[in-house]
Amino acid sequence: MVKSVKELQVEDLLNAGLTVTEANELYRVLRDILSQCPSDTDNHRSLIWRHLVTRKLLKPSFPHSLHHLLYHSVYHSQHTSLPLYWFPSLDTSKRTNLGRFMETHAPQLLGPSYKDPISSYRLFHNFSVQHPQLYWSLLLKELSVSFVEPPKSILDTSDPSRHGGTWLPGSVLNIADCCLQPSSHPYKPDDSIAIVWRDEGFDDSEVNRITLKQLRQQVMLMVAKAIDGTFSKGDAIAIDMQMTANAVIIYLAIVLAGCAVVSIADSFAPKEIATRLRVSKAKGIFTQDFIARGGRKFPLYSRVIEAAECKVIVLPVAGDDVGVQLREQDLSWKGFISSANQTQNSRSDYYSPSYQSVDSVTNILFSSGTTGDPKAIPWTQLAPIRSAADGWAAIDVQAGDVYCWPTNLGWVMGPTVLYHCFLLGATLALYHGSPQGRNFGKFVQDAGVTILGTVPSLVKTWKNTKCMEGLDWTKIKTFCSTGETSNVDDDLWLSSKAYYSPIVELCGGTELASSYIAGSPLQPQAFGAFSTASMTTGFVIFDENGVPYPDDVACVGEVGLFPLSLGASDRILNADHEKVYFKGMPIYKGKVLRRHGDIIRRTVDGYIVVQGRADDTMNLGGIKTSSVEIERVCDGADECILETAAVGVATTNRGPEQLVVFVVLKKGYNSTAETLKMKFTKAIQSNLNPLFKVTLVKIVPEFPRTSSNKILRRVLRDQMKHELSVQSRL
């Protein structure tokens, strides 16, 4: 039973792992804080926690059990509003990108109603939704984006068939060239560090560095010239590699040369690679001979040639020479680069980028694809602009930041992080190896990372293995998280490693080139929750009949996005874009809403919690709930649980859905399905609804997942339907 913070004694702090000296000192300060916050209200509980974190009383070196004890004891009786763990100060808010922007422009745009970046944030956000043309006209000056031909306008809505409008019509640029050129605002001089990296296995060596000037020379004079000599403008060229410095150089060079990158994750099997090459009509592919990860080498070139008939350019995972025999039509990296020296004007120190319309395709990305072919979503040059704008506003990426997010160019976060850094003047930090162990954490420390992106499953691994103990992550000003639903205790562990720096939650999609909901450096944050829609983004939550709930009402329902969104997709290469994103959606204020598919909950205090996908909901005894909501409760029901997956299964006689919970146990732990069934039912009835009960628990070694690591609850549901059907016939 968790005690309230007022009931804690020195003995409790000792039991949580503090020394006698530490426990006595913290207890003394805690009693002093409690004397200033005597009331047992949500506001006073937040104030107690705010004192603890802003005064840096909870050190990263303290055991996690101590952080867990204090967080849960402070918020012991919090029921109405979400527990808050991070709070912006007025002084720091004015030094953020968006806060500074508001201080400059909001007095004129909002008039006397503007007060300061914190208290006027929602007002300014609403302004950006209602006046996106004005917002974007000002914001474009904050990004490292230069046009060869400027746009005729910000937004043209004259074509009724284009739900999302036509953005920056008439403009011409090359977004990779924007990444590579120095600028004064944001401050991005030629000698600034563009990329820092380290190879796995060299973890005690200095980090490698490359300046912006050196990056530009390598992209332009080596790779882009070689691409010109091998491919034609407009060709689709795939990248299937680890996200290394060379992979980033290749990405930028493909775009600079007027071609389109085809994003393929290095984890894919030959069949998945072949599908993406076929759908994109790729003319070539860059890959590696092997993947180096966790001290081992895994074949990659062999997987690629099983899938690819087109030309393959192969980089060595180590050294200068590839470690495999190449097909006759393929090229080694060394051979490919040398071809640049044989082209016309190869000795020139200048390369002329391919400048194209803003709506030209620069990248073809793919959705996860749980059935059939994955959706091929083209990114135009608008997508990087939107992506960078979100990084600027929500994550507060600034010139001089060192930004690390272990990902891959095959996933949307790969290009996203690349553009966040190079359009905003930050340094991209890359670890060429596995992010799951201590060596990655040491790289974060040694590189001086200030922004660290994660996915929740990775944080869970770090916490459970205790592999990051003793490392110094206190330079991190911001964490980011996306891709999965966050776990509160895992996020508590992560945030505590940097004196409770905020974790900016991001939820969006490849087709949006951005998040549609996010955290904000101008608002207090709650673990696992989103505090705002992204700038210029509007949405409604609607019920089963397509009727929107009022904006200020706590509710649960499917989200519908306002259609006008710079950078959002207007086509799919292998599907009907209109059918996928707009057909059957409600009309709101004269415009058809854009489908996203999330079920979200708006709390009484205006925060957003993602409840799962529209197809991951279930009806238990006439009450609609989501898999994610049930899983949150079940995950904390017993210490043996690594993760759970909840599905509703209809019975053969069309009775009410039965709740089935699949469980993966932590390594070294044991339990029985019947024991867990009782614990789950008790936890669900106490925390969600007393009418809910668990019908069946199944302990499994692992969950089926998409290639982007999302749980395939549909597969689990179908499996249970089959089992129940067989049982009914016996």
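Heavy-atom basis, side chains included; hydrogens, waters and symmetry copies ignored.
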Provide the closest heavy-atom pair for [X] versus [Y] in the form atom of the first, atom of the second, distance.
{"X": "Ser119", "Y": "Lys115", "answer": "OG-CB, 3.4 Å"}
{"X": "Pro406", "Y": "Gly453", "answer": "CD-O, 3.3 Å"}
{"X": "Ile476", "Y": "Ala498", "answer": "O-CB, 3.6 Å"}
{"X": "Val402", "Y": "Ala429", "answer": "CG1-CB, 3.9 Å"}
{"X": "Asp491", "Y": "Gly528", "answer": "OD2-N, 3.9 Å"}
{"X": "Ser515", "Y": "Arg386", "answer": "O-NH2, 4.3 Å"}

Query raised in the report: Is atom CD of Gln108 surrounded by more than 12 heavy atoms (other residues, nucleotides or ligands) closer than 6.0 Å?
Result: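 Open: at most 12 neighbouring heavy atoms sit under 6.0 Å from CD of Gln108.
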Requested in this report: Please check if atom NZ in Lys475 has more than 12 non-hydrogen atoms from other residues, nucleotides or ligands closer than 6.0 Å.
Outcome: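 Atom NZ in Lys475 is not packed in, count stays at 12 or less.
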In terms of side-chain geometry, is the basic nitrogen of [X] or [Y] positioned less than 4.0 Å from the acidic oxygen of its partner?
{"X": "Arg602", "Y": "Asp552", "answer": "no"}
{"X": "Asp116", "Y": "Lys94", "answer": "no"}
{"X": "Arg95", "Y": "Glu103", "answer": "no"}

Query raised in the report: Short question: side chain of Thr380, backbone of Leu382 - any donor-acceptor pair under 3.5 Å?
Result: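 Between the backbone of Leu382 and the side chain of Thr380 there is a qualifying donor-acceptor contact (under 3.5 Å).
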Report task. Output yes when a side-chain donor or acceptor of Gln133 lies under 3.5 Å from a complementary backbone atom of Leu155, and no otherwise. Result ->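 Looks like no, no N/O pair under 3.5 Å.
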Suppose we call two aromatic rings close when their centres sit under 6.0 Å apart. Are [X] and [Y] close by that rule?
{"X": "Phe562", "Y": "Tyr588", "value": "yes"}
{"X": "His72", "Y": "His76", "value": "no"}
{"X": "Phe101", "Y": "Trp392", "value": "yes"}

Requested in this report: Starting from the C-alpha separation in whole Å, work towards a yes-or-no answer on side chain to side chain contact (heavy atoms under 4.5 Å, CB included) for Cys507 and Tyr516.
Outcome: CA-CA 6 Å; Cys507 181; Tyr516 76 93; 3.8 Å; yes
Query raised in the report: So Ser531 and Gln525, side chain to side chain contact (heavy atoms under 4.5 Å, CB included) or not? Walk me through it.
Result: CA-CA 7 Å; Ser531 60; Gln525 297 300 304; 3.0 Å; yes
Please verify the inter-ring angle class for [X] with [Y]; under 30° counts as parallel, over 60° as perpendicular, anything in between as tilted.
{"X": "Tyr85", "Y": "Phe527", "answer": "parallel"}
{"X": "Trp49", "Y": "Tyr500", "answer": "perpendicular"}
{"X": "His67", "Y": "Phe62", "answer": "tilted"}
{"X": "Phe440", "Y": "Tyr431", "answer": "perpendicular"}
{"X": "Phe124", "Y": "Phe127", "answer": "parallel"}

Is the shortest heavy-atom distance from the side chain of [X] to the side chain of [Y] under 4.5 Å?
{"X": "Val556", "Y": "Ile600", "result": "no"}
{"X": "Val449", "Y": "Val196", "result": "no"}
{"X": "Ser520", "Y": "Thr532", "result": "yes"}

**Report entry** Ring-face cation of Arg595 near Tyr581 (centre distance under 6.0 Å, axis angle within 45°)
**Finding:**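 Judged by the rule (NZ or CZ under 6.0 Å from the ring centre, within 45° of its axis), Arg595 is not positioned above Tyr581.
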Report task. Measure the spacing between CE of Met102 and NE2 of His125 and express it to the nearest 0.5 Å. Result ->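 Spacing of CE (Met102) from NE2 (His125) equals 11.0 Å.
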Requested in this report: Quick one: pull up CD in Glu511 and CH2 in Trp379 and give me the separation to the nearest 0.5 Å.
Outcome: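 Here the interatomic distance stands at 11.0 Å.
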